[in-house]
Amino acid sequence: MGKIILSWDDLESACKSCTKCPLHETRANVVFGVGNRSAEVLFIGEGPGENEDLKGEPFVGRGGILLDNMLEIIGLSRKSNIFIANIVKCRPPNNRDPHSSEREACAPWLNEQIALINPKIIVCLGRIAAGEIIGGDFKISRDHGKWYEIKGRKTMALYHPAALLRDPNRRPDTFVDLKELESVIKETCTQTY
Ligand code: URA
Ligand code: SF4
């Protein structure tokens, strides 16, 4: 990896044969990401769960349906105007949090994706992605919906869809965050949303 900028197809095929961390031993599929490679808005989740591992696509279980519904409210779709990727591309066994060594090993793939997509806006889904991308003492219950300038990109975090399934009381906050995201997209992005 390092300084060589790969083409998207080269990046995808290299990532799909990656064995840089032990998560490769138990995965069914590498979950590289899905969506528009020229998206102005990039969503970043934590890592594949069971359904995602089996299908090779991010957010395809119940959380994925909820995410697609949330996106639709503000005119976003993985089929047209956004890209969705994860911090780690392979499923952690039993859906445990990815270890920091695994997140570090996997980071170059996401960094290359960010470089190639060059999004104007990054939306972290949940505390793991926000901790990795925004860092500091980020706390999802306190800091969701706040805007940060990270490496020149407008960056924010939403509650993870799985957290919204577990605790529907958080959904009204997420609705507010989504409407705020919608207005920042309108003032920042040039594609039609
Ligand atoms: N949760 C995530 O963070 N990412 C996925 O792809 C699926 C569930
Ligand atoms: Fe490679 Fe990332 Fe999969 Fe680990 S999680 S094997 S670093 S692609």
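Just follow the structure's listing: the first ligand is 1, and inside any ligand the first atom is 1. These values consider heavy atoms only, across backbone and side chains, with no hydrogens, waters or symmetry-generated copies.
- Considering only residues two or more places apart in sequence or on other chains, Lys55 meets the side chain to side chain donor-acceptor pair (under 3.5 Å) condition with none of them.
- Residues of the protein with a heavy atom under 4.0 Å from ligand 1 are Gly45, Glu46, Gly47, Glu52, Pro58, Phe59, Asn86, His160, listed by chain and number.
- Listed here is the closest heavy atom pair of Phe32 and Phe83: O-CE2, 4.5 Å.
- Residues Asn51 and Arg62 have side chains that never bring a donor and an acceptor to within less than 3.5 angstrom of each other.
- Between Cys124 and Thr155 there is a side-chain heavy-atom pair separated by less than 4.5 Å.
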Pairs under 3.5 angstrom only: tabulate donor-acceptor contacts from the side chains of residues 37-49 to other protein residues two or more places apart or in another chain.
unit_1: Arg37; atom_1: NH1; unit_2: Asp9; atom_2: OD1; d: 3.4
unit_1: Arg37; atom_1: NH2; unit_2: Asp9; atom_2: OD1; d: 3.2
unit_1: Glu40; atom_1: OE1; unit_2: Thr190; atom_2: N; d: 3.2
unit_1: Glu40; atom_1: OE1; unit_2: Gln191; atom_2: N; d: 2.7
unit_1: Glu40; atom_1: OE2; unit_2: Lys120; atom_2: NZ; d: 2.7
unit_1: Glu40; atom_1: OE2; unit_2: Thr190; atom_2: N; d: 3.0
unit_1: Glu40; atom_1: OE2; unit_2: Thr190; atom_2: OG1; d: 3.0

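- Annotation for Asp167: atom CG counts as buried by contact number, over 12 foreign heavy atoms lying within 6.0 Å.
- A donor-acceptor distance shorter than 3.5 angstrom exists from the side chain of Asp53 to the backbone of Ala28, with no hydrogens or angles considered.
- Residue Glu72 qualifies as open at atom CD: its count of foreign heavy atoms under 6.0 Å is 12 or below.
- For atom 3 (Fe) of ligand 2, the nearby protein N/O/S atoms, meaning those under 2.8 Å, are Cys90 SG.
- Not one N or O on the side chain of Glu102 forms a donor-acceptor pair closer than 3.5 Å with the backbone of Val88.
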